[in-house]
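Structure first, commentary second.
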Protein chains: 2
Amino acid sequence: MTDTQLDLIFKALADSTRRRIIDRLSKQPVQPLFEVCASSVAEDGVALSRQTVSQHLAVLEKAGLIETSWKGRTKAHSLSIGDDHVAAALWIKKYKQNGEKP
Amino acid sequence: MTDTQLDLIFKALADSTRRRIIDRLSKQPVQPLFEVCASSVAEDGVALSRQTVSQHLAVLEKAGLIETSWKGRTKAHSLSIGDDHVAAALWIKKYKQNGEKP
DNA sequence: TTAACATGCAGTAATACACCTGCATATCGG
DNA sequence: CCGATATGCAGGTGTATTACTGCATGTTAA
């Protein structure tokens, strides 16, 4: 796990909009862009421009958290969260100290 | 775990300089600021201004990852990474899917 | 008491980020 | 073919981040 990968993953997760996108993609996988926008309004009441959502999806893809594939004129987005991502998040665990478990 | 806390923690971890500071603080706990600067040069060969390091430490403290206390004219910095931080990082685990374990 | 030390506060510059609008491009349906 | 649809690309704006320098403040030690 390189430093750059950790940067990308943590940075991708450090935004509540992107975390919400992940959450929505988990409930309904394989959403095209316009549907991610629609879900954002429907489920979270957050109206974001298509471009903004597209940008967030690009950040998530760069971090390897989602995968995309073209189906005709729609771009299918789906989660791609594996052990490596969990392992990256667990970077912090090495440094845990307060093992308070009463 | 609020959204804001997740933001702070992930953002704090999304920088290799800060991750290196955490790593150095784990090897030698309770370092004053000037010593964190010195370690940065000595161990990583990265020369950062005192102010820059101070700012990084502030970000880490805001995320609750370190604690500080004044000892005379020096400010002692020490790690304060507990179960809550690990739990926050494991936010991603809910969404893991590729359970490939052959 | 004074000099050296450790840190904070203020201000600056460059870059990155999160949002937007507008135009271009590609695909599907009639 | 043509209009509607789905996306990309270019560019703009306001704010945050990361780095710096310079000056001020409080503390220890000679």
Side-chain angles (χ1 to χ4, degrees), chain A residues 3-22 24-25 28 30-42 44-63 65-78, chain B residues 3-22 24-25 28 30-42 44-63 65-78:
Chain A
D3 247 34
T4 310
Q5 279 178 307
L6 287 174
D7 274 7
L8 289 175
I9 293 173
F10 282 131
K11 205 158 280 188
L13 296 177
D15 185 287
S16 62
T17 301
R18 284 193 285 270
R19 291 198 301 272
R20 271 195 294 269
I21 289 177
I22 290 177
R24 267 180 265 114
L25 273 176
Q28 172 158 359
V30 195
Q31 294 186 44
L33 170 56
F34 78 96
E35 196 170 333
V36 177
C37 293
S39 312
S40 180
V41 178
D44 302 327
V46 180
L48 291 170
S49 84
R50 182 178 52 82
Q51 277 312 317
T52 300
V53 174
S54 177
Q55 209 165 314
H56 282 304
L57 289 169
V59 173
L60 290 170
E61 188 176 11
K62 202 175 279 185
L65 294 166
I66 67 174
E67 279 176 347
T68 61
S69 65
W70 281 93
K71 309 279 183 190
R73 64 180 156 179
T74 71
K75 192 180 189 179
H77 302 79
S78 56
Chain B
D3 246 34
T4 309
Q5 280 178 304
L6 286 174
D7 274 8
L8 289 175
I9 293 172
F10 282 129
K11 205 157 279 188
L13 296 178
D15 184 290
S16 62
T17 300
R18 284 192 285 269
R19 291 197 302 274
R20 272 196 292 270
I21 289 177
I22 289 177
R24 266 179 265 115
L25 273 175
Q28 171 157 0
V30 195
Q31 294 186 45
L33 170 57
F34 77 95
E35 196 169 335
V36 176
C37 294
S39 311
S40 181
V41 179
D44 302 329
V46 180
L48 291 169
S49 84
R50 181 177 54 81
Q51 276 311 318
T52 300
V53 174
S54 177
Q55 212 165 314
H56 281 303
L57 289 168
V59 173
L60 289 170
E61 188 175 13
K62 201 176 279 185
L65 294 166
I66 67 174
E67 279 176 346
T68 61
S69 66
W70 281 94
K71 309 279 181 189
R73 64 178 156 177
T74 72
K75 192 179 188 180
H77 301 80
S78 56

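Chain letters run A, B, ... following the sequence lines, proteins first and then strands; every chain starts at 1. What you see is a predicted model, and the numbers here were worked out from it, not measured in a lab.
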On DNA chain C, more 5' by nearest nucleotide between A:R50 and B:T74 is B:T74

Kindly indicate whether the side chain of A:R50, heavy atoms from C-beta on, has any atom under 4.5 Å from the side chain of A:L33.
-> yes

Please determine if a side-chain N or O atom of B:T52 lies less than 4.0 Å away from the OP1 or OP2 oxygen of D:dC20.
-> yes

Look only at the side chain of B:R19 and the backbone of B:L13, and say whether a donor-acceptor pair between them is shorter than 3.5 Å.
-> yes

When rounded to the nearest 0.5 Å, the distance separating CD1 of B:I22 from CZ of B:R24 is 10.5 Å

Does B:T68 offer a backbone N or O that forms a donor-acceptor pair with the side chain of B:H77 under 3.5 Å?
-> no

Going 5' to 3' on DNA chain C, which nucleotide is the first and which the last to come under 4.0 Å of a heavy atom in chain A?
-> C:dC17 to C:dC28

Can any side-chain N or O of B:S40 pair as donor or acceptor with the backbone N or O of B:V36 at less than 3.5 Å?
-> no

How close do B:V30 and B:L25 get, heavy atom to heavy atom, and via which atoms?
-> N-CD2, 4.4 Å

Between D:dA6 (P) and A:L57 (CG): distance, integer Å | 15 Å

Can you check the B:R73 CZ to D:dT27 P distance for me, whole Å?
-> 11 Å

Between A:D15 and A:Q51, name the one whose nearest nucleotide on DNA chain C is closer to the 5' end.
-> A:D15

Would you indicate what A:A47 reaches in the nucleic acid, counting non-hydrogen atoms under 4.0 angstrom: base, sugar-phosphate, or nothing?
-> sugar-phosphate

Just checking A:K11: base, sugar-phosphate only, or nothing, at a heavy-atom cut-off of under 4.0 Å?
-> sugar-phosphate

Does A:S54 place a side-chain N or O at less than 4.0 Å from the phosphate oxygens OP1/OP2 of D:dT7?
-> no

